[in-house]
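Computed from a predicted model, the values in this text were never measured in an experiment.
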Amino acid sequence: MDILVAGGHGQVALRLLKLLADQGHTARGLIRTPSQAADLQAVGAVPVIGDLENDASLSPYVKGADAVVFAAGAGAGSGPERKRTVDLGGAVKLADAAVDQGVRRYVMVSSIGAHDPSSGAGSMGPYLAAKGEADAYVTSRADLDWTIVRPGHLTDEPGTGLVTVSREMGGRGPVPRDDVAAVLAACLTTPATIGQTFELFAGTTPIDEALRF
Ligand SMILES: NC(=O)c1ccc[n+]([C@@H]2O[C@H](COP(=O)([O-])OP(=O)(O)OC[C@H]3O[C@@H](n4cnc5c(N)ncnc54)[C@H](OP(=O)(O)O)[C@@H]3O)[C@@H](O)[C@H]2O)c1
């Protein structure tokens, strides 16, 4: 498969691109900073230069893909405005470009709490609102085969391949970025995940088994 990962230099995205490249896929990462290209090439990925906020359309980058993954984020240090332009606006632009290019498969890295933004204190409120609206936009598109993955608190602990997946919203807990990347990669080749929204935590169930909906 040819897979375009938006936010290609992100910590989850780089792990995902490496897994996909190792599996023999064409793993393309959308980055806005050309100097990050070498880091993508080092994991076997193909850098694609483009900006989620400043490019009017992402169609030229999505062209030729079999699937897209949204793994970008404005980051903890950003204000509410960039939550709108990246976490919401970037995800919406990616969905529009996918539809425009006839790419049905869309895997979204969302967040726990996106179902209830009012639960987020301080800057988490606008972040979760942006995530929730982005999820709603993607899931409203009948022309997309979507999966919404809502991880708990991301850690840099080594992955275990063991997770907890829950379709009941409102859970809490950590999850290694390694395992988030492994779940995203598995979603791309597991049709049963199409049309599913689930929370993801460190756990005790092998990933393949956890994704048997
Ligand atoms: N942290 C948590 O505990 C947590 C929990 C649940 C879900 N999440 C979500 O998980 C996802 C991945 O997290 P992560 O830790 O891997 O994130 P990360 O390392 O902060 O990566 C985010 C990436 O988005 C890119 N980006 C920002 N603005 C962009 C733009 N205009 N155009 C293109 N790329 C842009 C950044 O690139 P630059 O280097 O150019 O800025 C960066 O590489 C995010 O969506 C995050 O919201 C996080």
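Considering all non-hydrogen atoms of both residues, V103 and A65 come closest at CG2-O, 3.3 Å. Listed here is the closest heavy atom pair of A21 and V43: CB-O, 3.6 Å. Between L40 and G8, the shortest heavy-atom contact is CD1-O, 3.8 Å. Heavy-atom minimum distance, T197 versus M169: O-CE, 3.6 Å. Taking each heavy atom of D179 and I207 in turn, the nearest pair found is O-CD1, 4.2 Å. When all heavy atoms of I49 and P34 are compared, the pair lying nearest together is CD1-CA, 3.8 Å.
At a threshold of 4.5 Å between side-chain heavy atoms, the hydrophobic network of Ile, Leu, Val, Met, Phe, Trp and Tyr places Y61 and L188 in two separate groups. When hydrophobic clusters are built by joining Ile, Leu, Val, Met, Phe, Trp and Tyr residues whose side-chain heavy atoms come closer than 4.5 Å, directly or via intermediates, L211 is grouped together with V107. Linking ILVMFWY residues whenever their side-chain heavy atoms come closer than 4.5 Å, directly or via other members, leaves L88 and V138 in distinct clusters. Note on L30 and L14: separate hydrophobic clusters, where clusters join Ile, Leu, Val, Met, Phe, Trp and Tyr whose side-chain heavy atoms are under 4.5 Å apart, directly or indirectly. Hydrophobic cluster membership differs between V92 and L144, with clusters built from Ile, Leu, Val, Met, Phe, Trp and Tyr side chains linked at under 4.5 angstrom.
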Step by step, work out the side chain to side chain contact (heavy atoms under 4.5 Å, CB included) result for M108 and Y106.
CA-CA 6 Å; M108 169 76 92; Y106 190 119; 4.0 Å; yes
Might you work through the side chain to side chain contact (heavy atoms under 4.5 Å, CB included) test for V180 and L154, ending with a clear yes or no?
CA-CA 8 Å; V180 176; L154 302 179; 3.7 Å; yes
With side chain to side chain contact (heavy atoms under 4.5 Å, CB included) as the criterion, how do V163 and V165 come out once you've worked through the C-alpha distance, each side chain's angles and the decisive distance to 0.1 Å?
CA-CA 6 Å; V163 297; V165 159; 4.2 Å; yes
Tell me, with the steps shown, if K131 and R150 meet side chain to side chain contact (heavy atoms under 4.5 Å, CB included).
CA-CA 10 Å; K131 282 296 206 191; R150 292 181 169 164; over 6 Å; no
Run the salt bridge (charged side-chain N to carboxylate O under 4.0 Å, His left out) test on D208 and R212 for me, step by step, so that the C-alpha distance in whole Å, both residues' side-chain angles and the decisive distance to 0.1 Å come before the verdict.
CA-CA 7 Å; D208 286 356; R212 261 178 228 147; over 6 Å; no
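A salt bridge links E53 to R32: one of the charged nitrogens lies within less than 4.0 Å of a carboxylate oxygen. For E157 and R177, the salt-bridge test fails: no basic side-chain N is under 4.0 Å from an acidic carboxylate O. Ion pairing of R15 with D156 is present here, as a side-chain N (NZ or NE/NH1/NH2) and a carboxylate O approach within less than 4.0 Å. By the 4.0 Å N-to-carboxylate-O rule, R28 lies close enough to D2 to be salt-bridged with it. Salt-bridge annotation for R167 and E199: absent, with no side-chain N of the basic residue lying under 4.0 Å from a carboxylate O of the acidic one.
Taking the side chain as every heavy atom from C-beta outward, F70 and L52 approach each other to under 4.5 Å. Counting only heavy atoms from C-beta outward, the side chains of Y127 and S111 approach each other to under 4.5 Å. Residues Q41 and P47 have side chains in contact (heavy-atom distance under 4.5 Å, counting atoms from C-beta outward). Between P151 and V109, some side-chain heavy-atom pair lies under the 4.5 Å cut-off. Between T164 and L200, every side-chain heavy-atom pair lies at or beyond the 4.5 Å cut-off. Side-chain contact between I194 and W146 is absent, with no heavy-atom pair separated by less than 4.5 Å. T155 has its side chain out of reach of V175: every pair of non-hydrogen atoms, C-beta onward, lies at least 4.5 Å apart. Looking at heavy atoms from C-beta onward, D100 lies out of side-chain contact with V62 at the 4.5 angstrom threshold.
Side-chain atoms of S35 and T33 form no donor-acceptor pair, as typed in the model, at a separation below 3.5 Å. Judged by distance alone, the side chains of Y137 and D96 do bring a donor and an acceptor atom under 3.5 Å apart. For the residue pair H9/D39, the side-chain donor-acceptor check at 3.5 Å is satisfied. The closest side-chain donor-acceptor pair between S78 and K83 falls under 3.5 angstrom. For the residue pair T147/R105, the side-chain donor-acceptor check at 3.5 Å is satisfied.
T190 places no side-chain N or O within donor-acceptor distance of the main-chain N or O of A192, the cut-off being under 3.5 Å. D55 contributes no side-chain N or O that, together with a main-chain N or O of L58, makes up a donor-acceptor pair within less than 3.5 Å. With hydrogens and angles disregarded, a donor-acceptor distance shorter than 3.5 Å links the side chain of T193 to the backbone of C187. A donor-acceptor contact shorter than 3.5 Å links the side chain of H25 to the backbone of M1.
Within 6.0 Å of CD on E81 lie no more than 12 heavy atoms contributed by other residues, nucleotides or ligands.
How far OG of S110 is from CD1 of I148: 6.5 Å, rounded to the nearest 0.5 Å. Note that the CD atom of E168 and the CZ atom of F198 stand 15.0 Å from one another [nearest 0.5 Å]. Taking NZ from K93 and OG from S59, the interatomic distance works out to 11.0 Å, rounded to the nearest 0.5 Å.
For the side chain to side chain contact (heavy atoms under 4.5 Å, CB included) test with V69, the passing option among V149, L16, L4 is L16; the others fail.
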